[in-house]
2 protein chains.
Amino acid sequence: MTQITQTAGKRRADLKQESLTRILNAGARRLRNEGLNGAGIVPVMQEAGLTHGAFYSHFASKDDLAIAAFVHAIREGRPRWTETSGEATWGQRLKRLAKRYLARGHRDNLADSCAFVALSTDAARANDRFREAYEAEFRKTLAAIDGPFTTNGATVHADDAIALMALCVGGIALSRAVSDERFSNRILRVCQEAVAALADAADAREETQETQRGDSR
Amino acid sequence: MTQITQTAGKRRADLKQESLTRILNAGARRLRNEGLNGAGIVPVMQEAGLTHGAFYSHFASKDDLAIAAFVHAIREGRPRWTETSGEATWGQRLKRLAKRYLARGHRDNLADSCAFVALSTDAARANDRFREAYEAEFRKTLAAIDGPFTTNGATVHADDAIALMALCVGGIALSRAVSDERFSNRILRVCQEAVAALADAADAREETQETQRGDSR
DNA sequence: TATTTGACATGATGATCATCATGCGAATAT
DNA sequence: ATATTCGCATGATGATCATCATGTCAAATA
């Protein structure tokens with residue numbers, strides 16, 4: 001059959017790049033919506049407006065697509081989750097991020113949600129390369145959470161950030177796993193309150209440390 | 001071919017019950033190990049020592065098996081996770097349960113692990129009936145966590161139990177999703193500490209309430 | 001003892017999957 | 001102008017899947 005050329009006149013490299021972007025977007029969408037198993041080559045390529053045969057011009061295997069699409073999803077989402085401005089204290093930042101994350105809109109929009117939650121249990125069953133990619137992106141997100149409170153280039157609140165992520169991942173996962181919407185909302189609220197308690201404790205801790213430093217000077 | 005009769009002489013109803021138990025055990029194992037998609041009829045029946053044809057004498061569909069095997073896994077595991085004795089305070093109980101749950105042995109033994117974590121993201125993509133079963137079992141687990149601290153038959157620490165479960169689910173999920181074992185261990189430790197902080201706050205809260213009750217009497 | 005039942009096995013069906021072989025045709029290189 | 005490259009489509013391959021049709025044989029029933 002004759003080849004359809006909707007994009008005649010474009011440079012071939014650009015064409016391929018645009019195809020790759022569509023594949024990654026479709027893969028990232030399907031990964032979160034249907035999980036590792038649902039991101040099959042046929043449906044992803046179809047969602048990207050291509051056929052399955054073209055897949056191997058872009059990736060060597062389905063596993064490679066999974067990794068690339070996961071990283072794509074995380075890199076696209078990270079700024080949306082972590083960029084803020086004007087927090088006075090570290091605890092206030094924790095509370096702000098939790099409120100943004102543990103939200104009904106996030107819970108309900110799986111296709112555009114945080115890939116850390118959507119693929120958390122899939123990652124446990126995936127191969128080493130996938131888990132290495134998961135960890136690398138997770139560490140970057142921890143640093144981004146620390147963000148404006150980083151001192152001397154070092155992530156100083158890493159443990160708090162880990163606890164925040166655990167509550168966020170667990171909270172969203174549970175809120176999605178449950179059937180009754182009111183109960184689901186309650187899970188989100190309780191997890192936000194738990195983050196708030198940890199955040200207040202963190203602020204109190206830093207307050208104490210600053211006072212001690214002042215006293216001992 | 002001639003039918004193999006390893007269990008000649010037994011009552012037919014008992015035979016079927018034993019087969020069902022083997023199917024449920026195999027299903028529960030595979031569900032946690034490979035997820036909803038990995039609990040296929042063929043491999044489950046094979047693991048149960050039967051062939052795929054016998055499946056429909058026990059279940060009407062694969063979805064029915066998934067629900068039954070999930071409930072089976074939870075009901076078998078719940079006492080192992082929640083039964084304790086001799087805790088003085090609610091906070092001590094929270095800490096004890098978190099230490100038991102957020103452990104390396106639990107993280108590493110997927111096949112016999114808690115089904116709430118193993119299937120948390122699968123549940124989000126499952127049908128309503130599965131999520132209803134997930135929620136029903138989850139509520140029972142919250143009650144079991146409250147357990148010895150239940151007063152007048154009412155679950156009084158439900159919010160704390162929810163926060164505990166969120167930290168446990170998120171903590172184990174993240175610890176499994178990550179590649180480096182030392183980092184994974186750190187996630188477990190941090191989540192335990194977070195539970196400890198919430199637990200101490202809960203005890204302090206109850207202490208205050210009791211004192212107030214005493215004052216106003 | 002004769003008949004019926006039902007748990008299980010075998011095998012077929014059509015769907016979907018990952019991967020590969022092949023060919024086309026337009027953008028490139030010569 | 002001619003030759004080459006390569007992104008993409010078509011189609012085949014063998015695997016695995018859920019489900020169903022059919023047969024078999026021992027236990028249950030009559």
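Below, each value reflects all heavy atoms present in this structure, side chains not excepted, and no hydrogens, waters or symmetry copies. Each chain gets a letter, A, B and so on, in the order the sequences are listed, and its residues count up from 1.
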Ring pair (Phe, Tyr, Trp, His ring centres under 6.0 Å) against A/His106, all qualifying residues, sequence neighbours excluded: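 Only A/Trp81, A/Tyr101 meet the ring pair (Phe, Tyr, Trp, His ring centres under 6.0 Å) criterion with A/His106.
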Take the protein atom [atom1] of [X] and the nucleotide atom [atom2] of [N], then report the distance between them rounded to whole Å.
X	N	atom1	atom2	answer
A/Phe59	C/dC20	CZ	P	16 Å
A/His58	D/dC6	NE2	P	13 Å
B/Leu15	C/dC8	CG	P	7 Å
B/Asp14	D/dA26	CG	C1'	15 Å
A/Leu50	D/dC6	CG	C1'	14 Å
A/Lys16	D/dC6	NZ	C1'	8 Å

Base versus backbone protein contacts along nucleotides 11-19 of chain C [heavy-atom cut-off under 4.0 Å; B, S, -]: BB-----SB
Qualifying ring-ring contact (aromatic ring centres under 6.0 Å, His included) pairs with a residue from residues 11-54 of chain A, counting only residues at least two apart or across chains: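 As it turns out, there is no ring-ring contact (aromatic ring centres under 6.0 Å, His included) pair with a partner in residues 11-54 of chain A once direct neighbours are skipped.
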Listed once per pair and sorted, the ring-ring contact (aromatic ring centres under 6.0 Å, His included) pairs that draw on residues 146-165 of chain A, sequence neighbours left out: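 Listed by first then second residue: A/Trp90-A/Phe149, A/Trp90-A/His157.
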Salt bridge (Lys or Arg N to Asp or Glu O under 4.0 Å) partners of A/Arg22, counting only residues at least two apart: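 A/Arg22 satisfies salt bridge (Lys or Arg N to Asp or Glu O under 4.0 Å) with no residue once adjacent residues are dropped.
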Residues in salt bridge (Lys or Arg N to Asp or Glu O under 4.0 Å) contact with A/Asp64, at least two apart in sequence or another chain: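 For A/Asp64, the residues satisfying salt bridge (Lys or Arg N to Asp or Glu O under 4.0 Å) (neighbours in sequence not counted) are A/Arg129.
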Which residues share a side-chain hydrogen bond (donor to acceptor under 3.5 Å, both in side chains) with A/Glu132, sequence neighbours left out: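 So A/Glu132 forms no side-chain hydrogen bond (donor to acceptor under 3.5 Å, both in side chains) with any residue.
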CG-CD distance between B/Leu102 and B/Glu193, expressed to the nearest 0.5 angstrom: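 It is 11.0 Å, given to the nearest 0.5 Å.
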By side-chain contact (heavy atoms from CB on, under 4.5 Å) - contacts of B/Arg80 (at least two apart):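 Counting only residues at least two positions away or on another chain, B/Arg80 forms a side-chain contact (heavy atoms from CB on, under 4.5 Å) with B/Glu76, B/Asp112.
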Inter-axis angle, terminal five-pair segments of the helix from C/dT1-D/dA30 to C/dT30-D/dA1 [nearest 10°]: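 Axis-to-axis angle, ends of the helix: 0°.
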